[in-house]
Amino acid sequence: LAYQMFSRLLLEHKLTEEEIERLKTKDYSRNTFKKVVYPVLAMSRDANRGDSKTFRYYKKPVVVDGVEYYLSSQWFDDSREDLIEYYKRYSV
């Protein structure tokens, strides 16, 4: 669900550069979506991996104007309402 929603927002240029930059931060992502631990967006699939072998971002990036954005794969059911509200706010 999150991958589809953010893909659409990015591809349709619904998010400002400032908002995209905020979504790359851990604090903003945590404050905006319940239970989210990692930034929503990253510029690399390897981001926020540390010593773990687990990838935190989907393999397939969303490519917008030649820029690759990797979306977090770390979502929980508790974030669903926040995610839907966020999408509604920006999809207009």
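- Checking side-chain atoms of Ser29 against main-chain N and O of Lys26 turns up no donor-acceptor pair under 3.5 Å.
- Counting only N and O atoms by type, the side chains of Tyr90 and Glu85 include no donor and acceptor under 3.5 Å apart.
- Under the 4.5 Å side-chain heavy-atom criterion for Ile, Leu, Val, Met, Phe, Trp and Tyr, Leu15 and Tyr58 are members of the same hydrophobic cluster.
- Within the 4.5 Å cutoff, no side-chain heavy atoms of Thr25 are placed close to those of Pro39.
- Residues passing the side-chain hydrogen bond (donor to acceptor under 3.5 Å, both in side chains) test with Lys35 are Asp78, sequence neighbours excluded.
- Rounding to the nearest 0.5 Å places CG of Leu1 at 10.5 Å from OG of Ser79.
- With contacts defined as side-chain heavy-atom distances shorter than 4.5 Å, the pair Asn48/Tyr57 qualifies.
- Judged as a salt bridge (charged side-chain N to carboxylate O under 4.0 Å, His left out), the pairs with a partner in residues 4-18 (not counting sequence neighbours) are, in order, Arg8-Glu12.
- Tyr28 and Phe76 fall into different hydrophobic clusters, where Ile, Leu, Val, Met, Phe, Trp and Tyr residues are linked whenever their side-chain heavy atoms come under 4.5 Å apart, directly or through other members.
- Using a 4.5 Å cut-off between side-chain heavy atoms of Ile, Leu, Val, Met, Phe, Trp and Tyr, with links allowed through other members, Tyr86 and Val37 fall into different hydrophobic clusters.
- Note that the CZ atom of Arg22 and the CG atom of Asp27 stand 13.5 Å from one another [nearest 0.5 Å].
- Tyr70 and Glu68 form a side-chain donor-acceptor contact under 3.5 Å, judged by distance and modelled atom types alone.
- Evaluation of the side-chain hydrogen bond (donor to acceptor under 3.5 Å, both in side chains) test over residues 37-47, restricted to residues two or more places apart or in two chains, returns Tyr38-Arg56, Asp46-Arg49.
- In the hydrophobic clustering of ILVMFWY residues, with side-chain heavy atoms under 4.5 Å counting as a link, Val63 and Ile20 come out apart.
- Taken to the nearest 0.5 Å, the CG atom of Leu9 stands 10.0 Å off from the CG atom of Leu71.
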Can you list the steps and then say if Phe6 with Val62 is a side chain to side chain contact (heavy atoms under 4.5 Å, CB included)?
CA-CA 9 Å; Phe6 277 104; Val62 177; over 6 Å; no

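- Grouping the Ile, Leu, Val, Met, Phe, Trp and Tyr side chains by contacts below 4.5 angstrom, directly or via other members, places Tyr87 with Leu11.
- Put simply, the side chain of Gln74 does not reach to within 4.5 Å of the side chain of Val36, judged on heavy atoms.
- Residues Phe33 and Trp75 bring their aromatic ring centres within 6.0 Å.
- Atom NZ of residue Lys34 and atom OG1 of residue Thr32 lie 12.0 Å apart, to the nearest 0.5 angstrom.
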